[in-house]
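The structure under discussion appears below in the form of structure tokens.
Worth knowing before you read on, the calculation uses all heavy atoms, side chains too, and leaves out hydrogens, waters and symmetry mates. Below, chain A is the first sequence line, B the second, and so on; all start at residue 1.
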Amino acid sequence: MHVITRPKPKDFKVLITQLQQLRSCLSVSSSSSTTFPAKTDPFVHPDPETLSQLLNHRPGVSQLKQIHTQIITRACSSSPSLTHSLIHCYLYAKDLTTARTLFNSYPLPSPPTLLWNIMIRAYSKLYNCQDPIKLFVQMLALDRTLVIFPDEYTFTFVITSCSHQGSLVYGEIVRGMVVKSGFESNLYVGNAVINLYSVFVKMEDAHKVFDEMSDRDVFSWTSLLRGYAKHGEMRRACEIFYQMPVHNEVSWTVVISGFVGAGRYVEALGYFREMLCDGKVKANEAILVCVLSACAHLGALDQGNWIHSYMGKNRISESSNIFTALIDMYAKCGRIDCATRVFNGISRRDVHNFTSMISGLSIHGLGNDALSVFYQMLAANVKPNAVTILGVLNGCSHSGLVEEGSSIFYNMESMWGVVPEIEHYGCYINLLGRAGHLERAFEIVKRMPMNSDIVIWRSLLNGCRIHRDANLAEYIINHIGQLNLHGCNGGEVLLSNLYASLGSWQGVVEVRKLMGERRIDSDPGCSWIEVDGVVHEFRVADRLHPQIVEIRDKLKEILKKASVGGYVANATQVSFDLNDEEKEQAVAWHSEKLAVAFALMITPTGTLIRIVKNLRTCEDCHSALKVISKVFGREIIVRDRSRFHTFKEGGCSCNDYW
DNA sequence: ATAGGGTTAG
């Protein structure tokens with residue numbers, strides 16, 4: 001039994017006085033002033049009717065407990081209507097435990113359907129919780145003579161709960177009952193079913209239910225839309241989006257986040273702009289978080305800045321999510337100073353805020369700062385999560401902080417309860433490999449509790465490449481061969497790059513042949529550059545950009561000047577998705593070089609150039625950009641897949657360690 | 001009553 005603290009009589013007096021005032025205002029009962037000073041002192045012993053009315057005013061937790069105490073001491077806790085109100089109030093106050101206790105002690109024979117429904121709904125909001133289904137099963141097991149049956153509300157909540165907790169099996173069982181009982185024609189129930197199928201990407205089923213519905217609303221459309229968007233089927237998603245009769249904040253969010261999830265950031269921003277032009281829907285927090293994420297991925301600083309000021313003007317509340325997204329955006333757009341300013345302005349920082357800041361410092365190669373924010377976080381009693389640890393380890397890795405990284409890696413489970421996943425191993429192995437502790441790294445790979453994946457091998461081989469350890473590299477390649485890892489995409493690219501950097505052209509040719517047979521493509525390289533608020537996208541050997549001919553000519557000219565400045569083309573990391581004639585040009589047409597040529601072509605002399613790229617910068621581009629920064633007197637900031645490189649006067653901020 | 005959002009190693 002739960003313990004209820006006795007109320008302080010004084011608090012209670014205030015409450016009852018308030019109620020009396022309220023009654024007289026509403027003139028609910030003109031006689032109330034005469035009934036109160038009756039036989040017993042109402043300040044100590046309010047009657048059940050007063051208690052019931054007090055409950056109707058949605059009291060806060062402490063008042064609620066006082067009323068509850070009174071109900072118990074006045075011996076009216078067996079009153080169904082008072083229990084009913086109490087349960088409502090405890091759920092409103094988010095105290096599910098007490099609500100459940102009351103529910104369990106509900107006077108026999110059974111709580112009415114309404115109470116079952118609100119209990120199930122309350123649990124379904126907890127997401128990862130089996131209780132809605134357990135309750136539903138209990139409800140079904142009731143003696144049928146009680147005439148307590150699930151209704152359309154029950155089904156809506158139970159199915160929603162199945163979607164939340166990822167239980168398609170239960171969902172389909174419940175759906176069967178829905179169909180039999182005829183409740184599927186109810187709009188809310190039907191929508192819940194569509195959503196269920198969409199969450200599990202069973203789009204044929206979702207569509208079927210949708211098509212057979214007699215009436216649909218924006219929820220039906222949005223649930224269907226979300227199914228396609230989450231699955232990355234953006235063509236279908238857009239079709240549905242344009243068929244919808246109305247668009248609201250949620251439908252726009254689903255489309256924009258769908259493009260972000262599919263890595264199509266330019267389109268995500270395009271839809272955001274369309275939403276603003278459309279003018280019917282104002283951006284809210286959810287949409288801005290998505291859009292900031294798109295800006296972060298693209299390095300679209302101008303648009304990110306615009307959104308930051310838009311939030312100020314439109315008084316969008318600065319929630320934790322927004323702070324996290326802003327820090328991430330500024331950090332990934334190269335403005336670690338702005339990210340820090342946002343971070344410093346947060347009064348109560350949560351895990352996500354800290355994590356975003358730490359990861360941001362790490363990609364800027366500021367390992368020591370990342371570590372100090374991490375320690376600051378621990379001092380503030382904020383518990384790091386799996387992502388936080390990845391961020392710090394990554395920071396250590398970029399700055400060669402082997403001892404600090406090791407200490408965090410070996411203590412993460414005991415100190416913060418974060419079990420090392422393969423990502424953490426990958427990060428740690430990367431740290432050791434880069435720092436030249438190749439044997440130690442390899443030992444860990446062999447002792448890991450899980451199978452190593454291609455990322456792990458790539459980290460190790462990258463270490464071999466940096467420290468020119470051909471023996472270990474060969475050994476690892478043989479090892480990978482035995483593990484038959486060739487089947488997974490990325491393995492082939494890795495192998496061919498490695499053979500190439502070891503100078504084994506025989507190996508390169510073999511792998512390339514294999515890739516051709518299996519029709520394996522490497523991820524196409526892609527760079528973005530924002531000029532005057534417009535993001536330009538360049539792909540390897542791009543032919544799509546409207547000014548591509550000019551850009552190519554400009555690039556030839558640039559490389560000619562660069563070679564005078566000491567640049568020598570280096571094709572050891574050529575990707576092999578090109579044919580022989582294109583091969584010699586392959587390095588020359590890497591997307592970041594095209595982007596730089598474009599920037600040199602259209603931006604004023606001396607302007608800073610900022611480029612974002614989806615893959616790692618190859619050695620050739622890295623050395624070319626160093627020379628270009630000197631020859632053309634430009635600072636060039638490139639964010640590649642793993643970190644920032646600031647090219648200035650012939651050098652790079654990463655000190656060639658990446 | 002039912003639909004939407006952030007950080008994530010290389």
Side-chain angles (χ1 to χ4, degrees), chain A residues 117-118 120-121 124 151-157 159-161 163 186-196 198-199 217-227 229-230 248-258 260-261 284-293 296 319-329 331-332 350-360 362-363 384-398 421-431 433-434 453-463 490 494 615-616 640-643 658:
Chain A
N117 289 348
I118 62 172
I120 292 174
R121 176 181 57 176
S124 80
D151 61 10
E152 63 270 41
Y153 291 84
T154 327
F155 283 123
T156 305
F157 302 144
I159 292 176
T160 301
S161 161
S163 313
N186 176 281
L187 180 60
Y188 291 86
V189 178
N191 285 346
V193 174
I194 295 177
N195 190 50
L196 175 80
S198 283
V199 164
D217 64 3
V218 68
F219 285 79
S220 337
W221 284 98
T222 312
S223 289
L224 196 64
L225 171 64
R226 191 186 106 110
K230 280 279 147 173
N248 64 12
E249 291 171 357
V250 180
S251 43
W252 280 106
T253 313
V254 172
V255 171
I256 294 171
S257 78
V260 173
N284 65 6
E285 200 190 307
I287 294 173
L288 293 176
V289 166
C290 287
V291 177
L292 282 172
S293 163
S319 66
S320 160
N321 281 350
I322 286 279
F323 283 132
T324 308
L326 275 174
I327 294 169
D328 181 51
M329 183 276 291
K332 290 202 178 133
D350 69 7
V351 190
H352 300 306
N353 305 149
F354 274 109
T355 303
S356 192
M357 190 70 238
I358 291 168
S359 311
S362 297
I363 56 169
N385 64 22
V387 183
T388 322
I389 310 280
L390 278 182
V392 200
L393 289 177
N394 189 25
C396 293
S397 163
H398 289 309
E421 301 280 333
I422 190 150
E423 290 87 352
H424 299 99
Y425 277 96
C427 214
Y428 186 53
I429 287 157
N430 185 42
L431 163 63
R434 280 182 190 206
D453 61 5
I454 195 66
V455 177
I456 302 265
W457 296 120
R458 199 187 297 153
S459 288
L460 263 184
L461 289 172
N462 193 39
L494 166 75
L615 303 175
R616 285 272 299 275
D640 75 4
R641 190 176 174 144
S642 76
R643 62 165 294 161
W658 87 98

Length of the line joining A:Ile327:CD1 and B:dT7:C1', which is rounded to integer Å:
9 Å
Find the distance A:Asn430:CG to B:dA9:P and express it as a whole number of Å.
11 Å
Rounded distance (Å) that lies between atom P of B:dG6 and atom NE2 of A:His352:
11 Å
A:Tyr425 OH to B:dA9 P, in whole Å, measures 19 Å
Would you indicate, yes or no, if B:dA3 has its OP1 or OP2 atom less than 4.0 angstrom from a side-chain nitrogen or oxygen of A:Lys230?
no
Rounded off to whole Å, could you give me the CZ-to-P distance for the A:Phe323 and B:dG6 pair?
18 Å
For B:dT2, is there a stacking contact with A:Tyr188, counting only centres under 5.5 Å and planes under 30°?
no
Length of the line joining A:Phe155:CZ and B:dA1:P, which is rounded to integer Å
18 Å
May I ask you to decide if A:Glu421's main-chain N or O and A:His424's side chain share a donor-acceptor pair within less than 3.5 Å?
yes
In whole angstrom, what separates A:Ile159's CD1 from B:dT2's C1'?
10 Å
When only distance counts, do a donor and an acceptor, one from the side chain of A:Asn248 and one from the base of B:dA3, lie under 3.5 Å apart?
yes
For A:Arg226 and B:dG4, what is the distance between atoms CZ and C1' respectively, to the nearest whole Å?
8 Å
A:Ser124 backbone acceptor or donor facing A:Ser161 side chain under 3.5 Å:
no
